[in-house]
Amino acid sequence: DTEVTQTPKHLVMGMTNKKSLKCEQHMGHRAMYWYKQKAKKPPELMFVYSYEKLSINESVPSRFSPECPNSSLLNLHLHALQPEDSALYLCASRVAGGEKLFFGSGTQLSVL
Amino acid sequence: SQQGEEDPQALSIQEGENATMNCSYKTSINNLQWYRQNSGRGLVHLILIRSNEREKHSGRLRVTLDTSKKSSSLLITASRAADTASYFCARGSDDKIIFGKGTRLHILP
């Protein structure tokens, strides 16, 4: 299995909702990433987990809460989002100490 | 900003022509990678060049790296309609991988 699977593919939520994005990989990768991407912009790094521990938080607002319950799963919990948080959220993974990122196909999030 | 600059921001060429995209960066690197993204989907890794390499080939792709100028270029030869996509360079240190602003490539039939 060489895939990174993200669910859901599309999500529409109100500003008072709580939702979660899910990312799963079974390649044995021990580094997992969340990126945010606005239209016609590059992916922006949000969080990195290395060996299930948060290693990088790029000063992301607390309304985004990451979680890495095990080595295969990465979640992004969303609460009280703003319309400007609407974007494509991309998950990626790589071998610990490796260089190449493997990406999921993303969750397109719309905040109303 | 840690993001590099890529140029051009957008490029339209005829099918069969070669496409060249450039990437500049500011900090020292261990390697530089290139990724492709088709219309808002996930990114796909294309090629990696290490800081001690000057040129690398993979199929129709050729990447060069000039560490003295802190720049890299990606050449796609004999372009095809399926090459229409956005192309990003990326560099990282340890776990942090940062993407450049990207070039949107459009192959005209």
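Below, read A as the first sequence line, B as the second, and so on, with proteins coming before strands; counting in each chain starts at 1.
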Note to self: Counting heavy-atom pairs under 4.5 Å with chain B, which one of A/Gln6, A/Gln37, A/Lys41 comes out on top?
What the structure shows: A/Gln37
Notebook entry, point to check: Is the shortest distance from a Lys or Arg side-chain nitrogen in B/Lys96 or A/Glu58 to a carboxylate oxygen in the other one below 4.0 Å?
Noted result: yes
Item checked: Part of B/Arg104 lying under 4.5 Å from any heavy atom of chain A -> side chain
Check: Between B/His45, B/Arg41, B/Gln9, which shows the greatest number of heavy-atom pairs under 4.5 Å with chain A?
Finding: B/His45
Item checked: Cluster overlap A/Tyr33 with A/Ile56, hydrophobic side-chain contacts below 4.5 Å -> yes
Checklist line | Derivation and outcome, side-chain contact (heavy atoms from CB on, under 4.5 Å), residues A/Tyr35 and A/Tyr89 | finding: CA-CA 6 Å; A/Tyr35 285 89; A/Tyr89 288 83; over 6 Å; no
Margin query: Need one label for A/Ser55: side chain, backbone, both or neither, based on atoms under 4.5 Å from any heavy atom in chain B.
Written below: side chain
Margin query: A/Ser65 vs A/His79, test: side-chain contact (heavy atoms from CB on, under 4.5 Å). Steps then yes/no.
Written below: CA-CA 8 Å; A/Ser65 176; A/His79 174 54; over 6 Å; no
Margin query: Is B/Leu48 close to chain A through its backbone or its side chain, or both, or neither, when contacts mean heavy atoms under 4.5 Å?
Written below: side chain
Note to self: Less than 4.5 Å to any heavy atom of chain A: does that hold for the side chain of B/Gln37, its backbone, both, or neither?
What the structure shows: side chain
Checklist line | Region of B/Asn31 that comes under 4.5 Å of a non-hydrogen atom in chain A | finding: side chain
Margin query: Take a 6.0 Å sphere around NZ of A/Lys19 and say whether it holds more than 12 heavy atoms from other residues, nucleotides or ligands.
Written below: no
Margin query: Is there a path of hydrophobic side-chain contacts, each under 4.5 Å between heavy atoms, that joins A/Met46 and A/Phe103?
Written below: no
